[in-house]
Every structure is written in structure tokens, then in C-alpha cells.
Amino acid sequence: MTKIAIVGSGLIGRAWATVFASHGFEVALHDVKPEAAKAARTHIGKNLRELAGHGLVDDPAGSLARIRVAKDLADALKGVALVQENGPETVEAKRELFAQMDAIAPASAILASSTSFIMASTFSEELKGRARCLVAHPVNPPHLVPIVELAPAPWTDPKVVARAKRLYEQAGQVAIMLRKEKPGFVLNRLQAVLLAEAFRLVGEGVASAEDVDKTIRDGLGLRWSFMGPFETIELNAPGGIPDYCARYSESLDRMVKSSEGRGNPFKPETVAEVMREWRGAQEATRVKRLSDWRDSRLAALQAHKRAAKRKPA
């Protein structure tokens with residue numbers, strides 16, 4: 001079996017272990033706190049049983065048996081094909097971890113970071129094995145949302161990226177490849193634009209936060225759960241994408257330009273306006289309860305999408 005090392009056993013690390021183990025990979029979990037890795041393995045068992053309940057995992061017990069808690073970093077990296085790093089979200093932490101991994105991991109191993117915003121060039125430039133380093137950014141939670149963004153540094157070997165893509169696809173992930181580095185990659189850049197406009201609409205008194213959420217949840221989000229933005233506009237004009245742009249580009253351009261120069265949409269007074277009508281205390285117990293509910297709904301949606309037929313050409 002192909003071996004994978006998960007370095008960092010928090011929320012994202014646990015989800016990655018779930019992904020790889022449920023697709024037949026042998027997984028070694030490492031954390032600077034050994035007790036955290038042990039607790040993570042228990043949590044992963046729960047993930048696997050829940051996924052099995054939705055028909056997304058065939059053998060939860062067998063999957064869990066493929067996950068072990070490593071004694072230390074060297075033990076975790078022994079004989080691996082891929083290392084998935086999930087450490088602190090700082091350049092300094094990434095540099096330190098990748099220096100250690102580059103010194104220990106087999107020369108053929110791919111070193112990938114789950115970072116959400118930090119580009120691979122900022123933490124791999126000085127490494128002897130920098131050609132095998134890249135970002136593999138997932139979406140939370142990776143075991144239920146399969147997209148992974150592969151963002152190489154300028155010096156990453158294209159063959160490494162291609163090999164990484166094959167491994168992630170073998171693990172059931174939908175891998176996209178960035179052709180050049182861009183802060184925030186693709187998903188977070190798209191999300192940032194939508195979030196900024198959502199905060200502006202509430203801050204300017206156009207609509208409530210709840211109604212903005214409804215617009216996505218019961219409007220755009222329904223289409224976006226199985227179609228991307230280009231696929232969406234292709235069907236919004238008889239002549240497809242060129243026809244849509246000919247009809248609506250001027251109006252869209254005016255809207256975009258009207259948003260420019262309006263400052264930071266996330267300023268404290270706007271956040272206060274969002275929270276003024278928002279329901280529910282912002283507490284860890286509530287966030288955990290709602291996260292569990294979200295994961296259950298995502299699992300059901302993922303099961304539905306697997307069963308659905310592909311769209312016609």
C-alpha cells in the first residue's frame with residue numbers, strides 16, 4: 001500500500017487521514033503532542049463510521065486499521081510517497097517544518113502543505129529538495145468537500161505536481177492545478193470577493209445578513225453545488241457565454257466599479273451591524289454543534305452527487 005504521512009493532527013489533518021485511509025492508503029499520523037494524535041485517531045474512527053452511514057465508505061473498520069500513530073516525525077515519514085503538512089499558518093512555522101521534513105523524508109516523497117494562503121515559494125526556496133514542495137490546499141472539511149488546489153512554487157518539478165495530482169485523485173479528490181502562484185490561490189480569492197460584497201450589502205443597509213445568506217443558500221448556491229460560474233452563465237443566455245457577456249457585461253462592469261474605492265468591508269462597525277440581528281451566541285459549543293450538522297448535510301449531498309449522472313456534453 002502507498003504510504004502517506006499526516007503531519008499535524010488537528011481538524012484538517014484528521015480529515016486528510018480520513019480521506020487517504022478510506023481510499024486504501026496506509027497513513028501515519030504525527031503531532032508534536034502525541035496525545036493529540038491518539039485522540040485524532042479516535043475522532044477519525046467516528047468520521048469513518050458516519051461516512052459509511054451515507055454509503056461513502058465501504059469498510060470503516062478496515063480504513064481505521066490503516067491509520068497508525070507515529071512515534072515521532074522520522075517514524076511518520078519512513079517510506080512515504082506523500083507528506084501532507086497541517087501545521088501552524090505562519091511562514092516561519094512552515095519553513096521550520098519543511099526543513100525538517102526535507103531532511104528526513106525519502107528523496108522521492110512529495111512534500112505538500114495544506115496552507116490556505118501562504119505560497120510555497122515563501123517557505124521552500126532555501127531547501128535542497130525544493131523541487132518536490134508545493135501547496136495542496138483543501139476545503140474544510142476535506143473528507144466531505146473533495147476539491148484540492150495544487151499550487152507549485154516556480155521551481156517545483158512539473159513531474160512532482162503531476163504525481164501529486166494522481167495521488168489525490170486516487171484518494172477521491174478533485175485536483176485543480178494553478179499555472180502560477182497567486183496569494184489565496186483560486187477558492188479563497190473567489191470567496192473573498194463574495195464575502196466582501198456580502199459585508200458591504202449589510203453594512204450599507206441594503207439587506208440583512210440573514211437575507212444575504214438566503215440569497216446564496218436558496219439561490220446561487222443551489223446551482224453552484226453542481227455547476228461553476230462559467231457553466232452557470234453559459235445557460236443564462238441562448239447563445240451561451242459570449243451572448244451572456246454581450247447582454248450583461250456593461251451592467252456587471254458598472255456594479256464592479258461601484259464597489260471599488262469603498263474601503264475595507266470588514267471594519268468593526270460593519271461587523272457590529274452584521275451581529276446586531278444575527279441569531280445565536282458566537283460560542284465554541286454552538287460552532288461545534290453546527291459544524292457537526294453541516295458535515296452531516298455535506299455527506300448527504302456528496303452521496304447524492306456520486307449517485308447523479310454526469311451532465312450531457
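Along the sequence shown, residues carry numbers from 1.
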Query - Salt bridge Arg276-Glu273, side-chain N to carboxylate O under 4.0 Å - result: yes
Query raised in the report: In Å and rounded to the nearest 0.5 Å, what is the CG to CE distance from Leu97 to Met101?
Result: 5.5 Å
Query raised in the report: Arg41 and Leu29: which non-hydrogen atoms are nearest, and at how many Å?
Result: N-CD1, 4.1 Å
Query raised in the report: Do Leu252 and Tyr244 come close enough that some side-chain heavy atom pair is under 4.5 Å?
Result: yes
**Report entry** Basic-acidic side-chain contact under 4.0 Å: Arg163, Asp157
**Finding:** no
Query raised in the report: Between Asp59 and Gly62, is there a donor-acceptor pair closer than 3.5 Å when you use the side chain of the first and the backbone of the second?
Result: yes
**Report entry** Beyond-backbone contact of Asp295 with Glu50, side-chain heavy atoms, under 4.5 angstrom
**Finding:** no
Sequence neighbours left out, cut at 3.5 Å: what donor-acceptor pairs do the side chains of residues 212-230 make with other protein atoms?
residue	atom	partner	partner atom	Å
Thr215	OG1	Asp211	O	2.8
Ser225	OG	Leu222	O	2.9

Requested in this report: Report yes if the side chains of Trp16 and Leu11 come closer than 4.5 Å at any heavy-atom pair, otherwise no.
Outcome: no
Query - Same cluster (ILVMFWY, side-chain, under 4.5 Å), Ile44 and Val69 - result: no
Report summary line: Exactly one candidate in Val83, Val7, Leu77, Asp75 meets side-chain contact (heavy atoms from CB on, under 4.5 Å) with His30; the answer is Val7
Query - Heavy-atom closest pair, residues Ala112 and Ala136 - result: CB-CB, 3.9 Å
Report task. Examine distances only and state if a side-chain atom of Gln84 and a backbone atom of Ile4 form a donor-acceptor pair shorter than 3.5 Å. Result -> no
Query raised in the report: Mind checking whether Val206 and Leu195 sit in one hydrophobic cluster, side chains of I, L, V, M, F, W, Y counted as touching below 4.5 Å?
Result: yes
Query raised in the report: With a 4.5 Å limit on heavy-atom distance, are the side chains of Thr2 and Leu167 in contact?
Result: yes
Query raised in the report: Backbone N or O of Gly280 within a donor-acceptor pair of the Gln282 side chain at under 3.5 Å?
Result: yes
Query raised in the report: Under 3.5 Å, is there a donor-acceptor pair between the side chain of Arg132 and the main chain of Asp102?
Result: yes
Query raised in the report: Are the side chain of His23 and the backbone of Ala171 linked by a donor-acceptor contact shorter than 3.5 Å?
Result: yes
Requested in this report: Look at the side-chain heavy atoms of Ile, Leu, Val, Met, Phe, Trp and Tyr, link any pair under 4.5 Å apart, and say whether Ile147 and Leu301 land in one connected group.
Outcome: no
Report task. Evaluate whether atom CG of Asp253 has more than 12 neighbouring non-hydrogen atoms of other residues, nucleotides or ligands under 6.0 angstrom away. Result -> yes
Requested in this report: Decide side-chain contact (heavy atoms from CB on, under 4.5 Å) for Ser208 and Val202; before the verdict, give the C-alpha distance in whole Å, the side-chain angles of both, and the deciding distance to 0.1 Å.
Outcome: CA-CA 6 Å; Ser208 69; Val202 176; over 6 Å; no
Query raised in the report: Would Cys133 and Trp155 count as a side-chain contact (heavy atoms from CB on, under 4.5 Å) if you check the C-alpha gap in whole Å, the side-chain angles of each, and the deciding distance to 0.1 Å?
Result: CA-CA 9 Å; Cys133 299; Trp155 43 78; 5.8 Å; no
**Report entry** More than 12 heavy atoms of other groups within 6.0 Å of Glu169 CD
**Finding:** yes
Query raised in the report: Given Glu149 and Val135, is the side-chain contact (heavy atoms from CB on, under 4.5 Å) satisfied, shown in steps?
Result: CA-CA 7 Å; Glu149 301 179 287; Val135 166; over 6 Å; no
Query - Evaluation steps, side-chain contact (heavy atoms from CB on, under 4.5 Å), between Ser121 and Arg130 - result: CA-CA 9 Å; Ser121 59; Arg130 67 181 193 170; over 6 Å; no
Query - For the student: nearest non-hydrogen atoms of Leu178 and Pro152, plus distance - result: O-CD, 3.7 Å
Requested in this report: Please report the shortest heavy-atom distance between Met1 and Arg66, naming the atom on each side.
Outcome: SD-CD, 3.4 Å
Query raised in the report: Is a side-chain N or O of Ser249 found less than 3.5 angstrom from the main chain of Ala246, in a donor-acceptor match?
Result: no
Requested in this report: Please work out which of the three classes, parallel, tilted or perpendicular, describes the rings of Phe25 and Phe20, given edges at 30° and 60°.
Outcome: perpendicular
Query raised in the report: Taking side chain as C-beta onward, heavy atoms only, is Lys267 less than 4.5 Å from Phe199?
Result: no
Query - Approximate separation, where rounding is to 0.5 Å, of Arg289 CZ and Arg294 CZ - result: 14.0 Å
Query raised in the report: Take atom CD in Glu35; do more than 12 heavy atoms of anything else shown fall under 6.0 Å from it?
Result: yes
Report task. Say whether, by atom type as modelled, one donor and one acceptor occur between the side chain of Lys165 and the main chain of Val174 under 3.5 angstrom. Result -> no
Query raised in the report: If you group Ile, Leu, Val, Met, Phe, Trp and Tyr by side-chain heavy-atom gaps below 4.5 Å, do Leu150 and Leu190 land in one group?
Result: yes
Query raised in the report: With a 4.5 Å heavy-atom cut-off, do His137 and Ser113 have their side chains touching?
Result: no
Query raised in the report: Would a distance-only check, ignoring hydrogens and angles, find a side-chain to backbone donor-acceptor pair under 3.5 Å from Thr270 to Phe266?
Result: no
Query raised in the report: Donor-acceptor pair, Asn188 side chain versus Ser116 backbone, under 3.5 Å?
Result: yes
Query - Distance (rounded to the nearest 0.5 Å) between Leu144 CG and Arg297 CZ - result: 11.5 Å
Requested in this report: Any chance you could measure Met177, atom CE, to Leu134, atom CG, to the nearest 0.5 Å?
Outcome: 9.0 Å
**Report entry** Residue pair Val148 / Pro142, side-chain heavy-atom distance below 4.5 Å
**Finding:** no
Report task. State, with a plain yes or no, whether a side-chain heavy atom of Lys94 is found less than 4.5 Å away from one of Glu89. Result -> yes
Query raised in the report: In terms of hydrophobic clusters joined by side-chain contacts under 4.5 Å, are Val145 and Phe117 together?
Result: no
Requested in this report: Report yes or no: does Arg14 contribute a side-chain atom to a donor-acceptor pair with the main-chain N or O of Ala40 at less than 3.5 Å?
Outcome: no
Report summary line: On a heavy-atom basis, the closest approach of Asp243 and Ala237 is OD2-CB, 3.7 Å
Query - Minimal non-hydrogen separation, Asn86 against Gly8, with atom names - result: ND2-O, 3.4 Å
Query - Atom pair CD/CD1 of Glu92 and Ile118 - distance to nearest 0.5 Å - result: 8.0 Å
Requested in this report: Starting at OG1 of Thr115, measure out to CZ of Phe185 and round the result to the nearest 0.5 Å.
Outcome: 5.0 Å
